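Here the structure is a predicted model, which means the values were calculated and not measured. Chain letters run A, B, ... following the sequence lines, proteins first and then strands; every chain starts at 1.
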Amino acid sequence: MSTNPSSPPSPSSDLFRPNRQLSKWVELVVKYIFAAFALISVATTIGIVLTLIFETVEFFGDVPLWRFLTDREWTPRFVNPQYGIFVLISATLLTSAIAISVALPIGLLAAICLSEYAPPKVRSWLKPALEILAGVPTVVFGYFALLLVTPFLQNFIPALQGFNALSAGLVLGVSIIPLVASLSEDAIYAIPGSLRQGAYALGATKRETIVGVVLPSALSGIVASFVLAISRAIGETMIVTIAAGQNPQMGLNPFVPVMTMTAYIVQASLGDTPAGSLAYRTLFAVGMTLFLLTLVLNIFSFWFVRKFRETYE
Amino acid sequence: MKQDPINQPLSGQIKPPYSGYTSSKEAILQAEKVSVFYGSYLAVRDVFLDIETNKITAFIGPSGCGKSTLLRCFNRLNDLILGARVEGSIKFQGENLYDKKFDRKIEEVRRRIGMVFQKPTPFSKSIYENIAFGAKINGYQGDMDELVERSLRQAALWDEVKDKLKQSGLSLSGGQQQRLCIARAIAVQPDVILMDEPCSALDPISTLRIEDLLHELKEQYTIVIVTHNMQQASRVSDMTAFFNVEPTDKGGRMGYLVEYDRTEVIFQSPKEESTREYVSGRFG
C-alpha cells in the first residue's frame, strides 16, 4: 500500500468550508468590545481617585495639613472654622470597633457551625437565609437602631442619648455578620476533607480537628473576610447617619451622639454647601481620608492572603 | 425473580476457613463477616480476614472492590461518612471495635490504629508542629523535641528536614510530604498503620523510599496497605488479600474477598482462577 503525500483531499473534506476570515474579524471585534467594558470600570475608578486628589490638594492649599491633623474640633462652617479630622475618625473608629466586636465572633462562630456542625440539609437553607440578611437595605437597619435598639438599651443605660454610637455600632455589627459568616464559611468549607480525615486519623476529636487543623488552614480566607467586614463597617453610611447622630465631638464615649466621616459627607452633600467653597472641599478631604483608610486595609488583606494562603491539590 | 442482593448466593465467594491458609493466633485485627453499606447500597460483603501482628498485609483488587472501604473500617473512619454502616465485627486485640463501648473511645481507637492516605495531607503548620499535633491532642507527656526527632528518623525524613523544622509542611516535595504523614502517624505510637495507596501520587524514586521504609517499620508496627500496584504488593507484603467486584442486580457494584494467603502463594500459585488472572495482569 503506497501513500502519496500530495494526494487530493478525501471527498468528505469538501463538506467543511469554514469562513476563517470572518471568524478572525469577529474574534478581533469581540476582543475590543470586552477591552472597552473593562476600560470603563477602570477609568471610572481612576476618575474618582483623580477628582479626590485634585479637590483634596486644593483643600490643603487653604487649610494646612497640620491643622487637619491637630485641630480638636470639626466645625468647617463656623465663623472660625476648625478642621480636626480626628473628631470624625474617632467616631468612625468607635462605631466600627463596636460593630466588629459584634460581627467577628458571631460571624466566625456561625461560619464554623454552618460548615462543620450543621447537617447538609440545614446548611442548604441556613446559608441562603443568612445571605438574605445581607440584602436588607441599611436604611432599615438604621431606623431599627434608632427606634428599637436605642429605646431598649435606655432601659439599662439611662445615660444613653437618643442618638448614640453604641446602638449604631451594635446594629452595624449585625448588618455585617452575614458578610463575615458567608465569606468565612466559604474559606472553611474549601478546606479539603482529606485534611480533616488526617486529623481524625490521629485520634483528634471534632473540636481539636477544627481548632487545630481546619481554622489554621482557612486563616487567610477568614482574615480576608474580617478585613472586608472592617472596611464595610468603616464605609457604612446609613446606619451611622440615622442612629449615631450628627454631632461632631472628639472622644470614645459610646453613649453620646457622634458624627462619623460618612455621616459628615451625607450632611455636607445634602445641598446647602455651595460648590467650590472651602466647606465643599472638606467633603473631598474627608472622602480621601476614608479612601486611604480602606485602601490600607485592603492592601493589608491582599498582602496577608498572599503570604498565608496555602494551596492544596 | 428479583432477590434481595444481601441474601443472594454469591459466585466466587469463599467462606472461611480459607483453603490452604489458617490464621495464626497472632492476629491483631480480625474481621468477621464484615459488610459495609452506604445507605442501602452494599459496598463490601461478608469479609472474613485476620491481620497478623508485625506483618505487612496488602489489599489488592480492581477499582471499586471495596479494599479502601474495608481499610477504613479498621479505624472507624467510615463513621465520618453520612449513611455508612458496618455490619459484622472487627476485633482489635480481641475486642470488637464496633461495640457500643468504643463509640466514646473512638479517638483512642484511631490513635492506636493510625492511617496514611493516598494523597499526602500535611497540615498547614510547621514540620515540627505537624508531628507534635497528634502527640499533643493525645496528651503526650514526654519530651516533644525527642519525639519529633525520633518519628522523623523512623520515617527516614530527619536528615532532609532537620534544619528547617520551622518551615511549613506544605513546602516539602510530594514524597517528603508523604513521609511526613508517616512520621505523623508514627508519632502517636500506634499498633497498626493503615495505608491507603500511599504511593499512588508519588514518583518511582519516592515510592521506593517508602517501600524500603515499610520493611523497617514492620519490626515495630503492623501494616495494612491498599495498593493498585501489584509489583508493590509482591515486593513489600507478607500477606496478600485479593478482592474482586461483581455487579449486583440493583445496578450497583459489590466488593468481596476472593482469596487471602501468603503473598508468594497469591502471586505464584493462587487457588482461585480470578486471582490468577488478576495477578498476571489479565484484568483490573
When you measure from the side chain of B/S206 to the backbone of B/L202, do you find a donor-acceptor pair of N or O atoms at a distance under 3.5 Å? no
For the residue pair A/E208 / A/T205, report whether a side-chain donor-acceptor contact shorter than 3.5 Å exists. yes
Using the salt bridge (charged side-chain N to carboxylate O under 4.0 Å, His left out) rule, collect all pairs that involve residues 196-206 of chain A, keeping only residues at least two apart or in two chains. A/E116-A/R196
Nearest heavy atoms of B/S237 and B/T57, plus distance in Å: CB-C, 4.5 Å
Separation between OG (A/S124) and NZ (A/K127), nearest 0.5 Å, reads 11.5 Å
Measure up the A/F304 and A/F300 rings against each other and bin them: parallel (under 30°), tilted (30 to 60°), perpendicular (over 60°). tilted
Contacts of residues 136-145 of chain B with chain A (heavy atom under 4.5 Å): B/I137, B/N138
For chain A, which residues from residues 111-118 of chain B have at least one heavy atom closer than 4.5 Å to it? B/R111, B/I113, B/G114, B/M115, B/F117
For A/R207, give me all partners under side-chain hydrogen bond (donor to acceptor under 3.5 Å, both in side chains), at least two apart in sequence or on another chain. none
Cation-pi geometry met for A/R123 and A/Y117 (6.0 Å, 45°): no
Cation-pi geometry met for B/R110 and B/F74 (6.0 Å, 45°): no
